[in-house]
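First up is the structure itself, then whatever we jot down about it.
For the numbers below, each heavy atom of this structure counts, side chains included, while hydrogens, waters and symmetry mates do not.
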Amino acid sequence: MRAVCKSLAIGVALASAFGAHPPAEADVITTAVASDDASDPVYDNGWNTGVDGGTGFGPWIVGGSGPAGGGFIGGGTDIDVAGEAFGVFGNNGDLGEGIRDFDVALTAGQTFSITMDNGGIDNGGTVGFGLQNAGGDNLIEFFFVGGTSNYTVNAGSAAGTTPGFTASGLKIEVTPEAGGLYTLTIDELSNGSGVDHTVTGGLFNNSDQAISRLRLFNANGGPDVFFNDLLVTPEPASAMLIAAGALAMLRRRRA
């Protein structure tokens, strides 16, 4: 998957430093370093512990705290890919969750994105996801608690706005930054307008603040919550831009 660089100015500056023309915008791209969705054929036999779809992630751990919590492949949501999504249920006081490691921890400037679609949530129940360090400590969470008005960003600090309850799906992106900071953006899929909310702040202050693990959860939320489109993309790699500039300079010398 390819995405156009958000900051062409960096490429312009670097290429100019080499005495070369800057690359065209279409040439300055980033590549997904991890991706997965529920349509991967590996999930045709179910979403179970040990199954490993997509690329850039480790195998899933799927289960819960009791028989009324767990995960499954479902559909009919606003975030389906080829009619399928990851569903997590948690009923009768039980917890359902899906956990997997990143093959490589996120670095500052990389972005993790995911889609989420919940229906009604039982009062007091919680559905959402967390990004954790390698030891399973939460660094940042995004969730909704049944009976409240808005989604919650739970981190060391959080400043910004979050949407009110919706059953029409969300896309959430989390970008860790230097110094244990982060930017989280939320796109309400129903309005088609792109980013609708931005939250910034600091991750929980653990000794290890590298985002290394994803946890999806439904803690006694009742009706299922669904997730899809797991993606990690880097910011434009300076090495790639430097190489482009060096190549242009070499061609100029040979001319």
Next on the checklist: Is any side-chain heavy atom of Phe112 closer than 4.5 Å to one of Ile211?
Outcome noted: no
When rounded to the nearest 0.5 Å, the distance separating CG of Leu170 from CD1 of Ile114 is 11.0 Å
Here the side-chain hydrogen bond (donor to acceptor under 3.5 Å, both in side chains) pairs for residues 88-98, sequence neighbours left out, are Glu97-Arg215
Item checked: Worked verdict on Ser113 versus Leu231 for side chain to side chain contact (heavy atoms under 4.5 Å, CB included) -> CA-CA 5 Å; Ser113 67; Leu231 184 68; 3.4 Å; yes
(request) Indicate yes or no for a side-chain donor-acceptor contact from Asp44 to the backbone of Ser39 under 3.5 Å, with no hydrogens or angles considered. (result) no
Side chain proximity check, Thr175 to Tyr182, heavy atoms < 4.5 angstrom:
no
Quick note, salt bridge (charged side-chain N to carboxylate O under 4.0 Å, His left out) partners involving residues 187-214, not counting sequence neighbours, are Asp101-Arg213
Indicate if Val174 and Ile99 have the same hydrophobic cluster label, given that clusters are the connected sets of ILVMFWY residues with side-chain heavy-atom separations under 4.5 angstrom. no
- Message: Any heavy-atom pair between the side chains of Thr185 and Thr198 that's under 4.5 Å?
- Response: yes
Hydrophobic clustering (ILVMFWY, side-chain heavy atoms < 4.5 Å, transitive) - are Phe226 and Leu230 grouped together? no
Residues pairing under salt bridge (charged side-chain N to carboxylate O under 4.0 Å, His left out) where one sits in residues 218-230, two or more places apart or in two chains, turn out to be none
Applying side-chain contact (heavy atoms from CB on, under 4.5 Å) to Ser212 and not counting sequence neighbours gives Ala105, Ala134, Ala210
Residues passing the side-chain contact (heavy atoms from CB on, under 4.5 Å) test with Ala167, sequence neighbours excluded, are Phe165
Donor-acceptor list for residues 155-162 side chains, cut-off 3.5 Å, not counting sequence neighbours:
from   : atom 1 : to     : atom 2 : distance (Å)
Ser157 : OG     : Gly202 : N      : 2.8
Thr161 : OG1    : His197 : ND1    : 2.9
Thr162 : OG1    : Tyr151 : O      : 2.7

Quick note, salt bridge (charged side-chain N to carboxylate O under 4.0 Å, His left out) partners involving residues 48-67, not counting sequence neighbours, are Asp52-Arg100
Any side-chain heavy-atom pair from Ile186 and Pro163 closer than 4.5 angstrom? yes
Report the C-alpha distance between Leu184 and Glu173 in whole Å, list the side-chain angles of each, state the deciding distance to 0.1 Å, and finish with yes or no for side chain to side chain contact (heavy atoms under 4.5 Å, CB included).
CA-CA 6 Å; Leu184 182 149; Glu173 296 188 342; over 6 Å; no
query = Going only through I, L, V, M, F, W and Y residues with side-chain contacts under 4.5 Å, is there a path from Phe144 to Val225?
reply = yes
Minimal heavy-atom distance between Ala178 and Ala108, with the atoms involved, is N-CB, 3.7 Å
* Can you get from Phe227 to Val51 by hopping between Ile, Leu, Val, Met, Phe, Trp and Tyr side chains that sit under 4.5 Å apart? -> yes
query: Can you find a heavy atom in the side chain of Val232 that is under 4.5 Å from one in the side chain of Thr111?
result: no
_Counting only heavy atoms not in Asn45 (residues, nucleotides, ligands), do more than 12 fall under 6.0 Å from its CG?_
no
Quiz item: Does the side chain to side chain contact (heavy atoms under 4.5 Å, CB included) test come out yes or no for Gln110 and Val33, once each step is laid out?
Solution: CA-CA 10 Å; Gln110 288 187 306; Val33 296; 3.8 Å; yes
Asn228 and Ala38 have their tightest heavy-atom pair at OD1-N, 2.9 Å
Q: Take Thr183 and Glu177 through the test side-chain hydrogen bond (donor to acceptor under 3.5 Å, both in side chains) and record every step on the way to the result.
A: CA-CA 8 Å; Thr183 296; Glu177 300 167 359; 2.5 Å; yes
So side-chain hydrogen bond (donor to acceptor under 3.5 Å, both in side chains) across residues 120-134, not counting sequence neighbours, yields Gln132-Asn138, Asn133-Asp137
Could you give the side-chain donor-acceptor pairs of residues 67-90 under 3.5 Å, partners two or more places apart or in another chain?
from  : atom 1 : to    : atom 2 : distance (Å)
Thr77 : OG1    : Ile79 : N      : 3.0
Thr77 : OG1    : Asp80 : N      : 3.2
Thr77 : OG1    : Asp80 : OD1    : 2.6
Asp80 : OD1    : Thr77 : N      : 3.1
Asp80 : OD2    : Gly76 : N      : 2.7
Asp80 : OD2    : Thr77 : N      : 3.3

field: Flag side-chain contact, heavy atom, 4.5 Å: Thr107 against Pro176
entry: no
Contacts of Phe57 meeting ring-ring contact (aromatic ring centres under 6.0 Å, His included) (sequence neighbours excluded), chain-then-number -> Phe102
Contacts satisfying side-chain hydrogen bond (donor to acceptor under 3.5 Å, both in side chains) that involve residues 60-70 (not counting sequence neighbours) are Tyr43-Trp60
Sorted by chain and number, sequence neighbours left out, side-chain contact (heavy atoms from CB on, under 4.5 Å) with Asn205 holds for Gln209
Consider only side-chain heavy atoms of I, L, V, M, F, W and Y, link residues closer than 4.5 Å, and tell whether Leu216 and Phe143 are in one cluster. no
request  = Report yes if the side chains of Asn154 and Phe142 come closer than 4.5 Å at any heavy-atom pair, otherwise no.
outcome  = no
Heavy atoms, side chains only, cut-off 4.5 Å: are Met116 and Ile172 in contact?
-> yes
Distance col, row Asn48:CG vs Ile61:CD1, nearest 0.5 angstrom, shows 13.0 Å
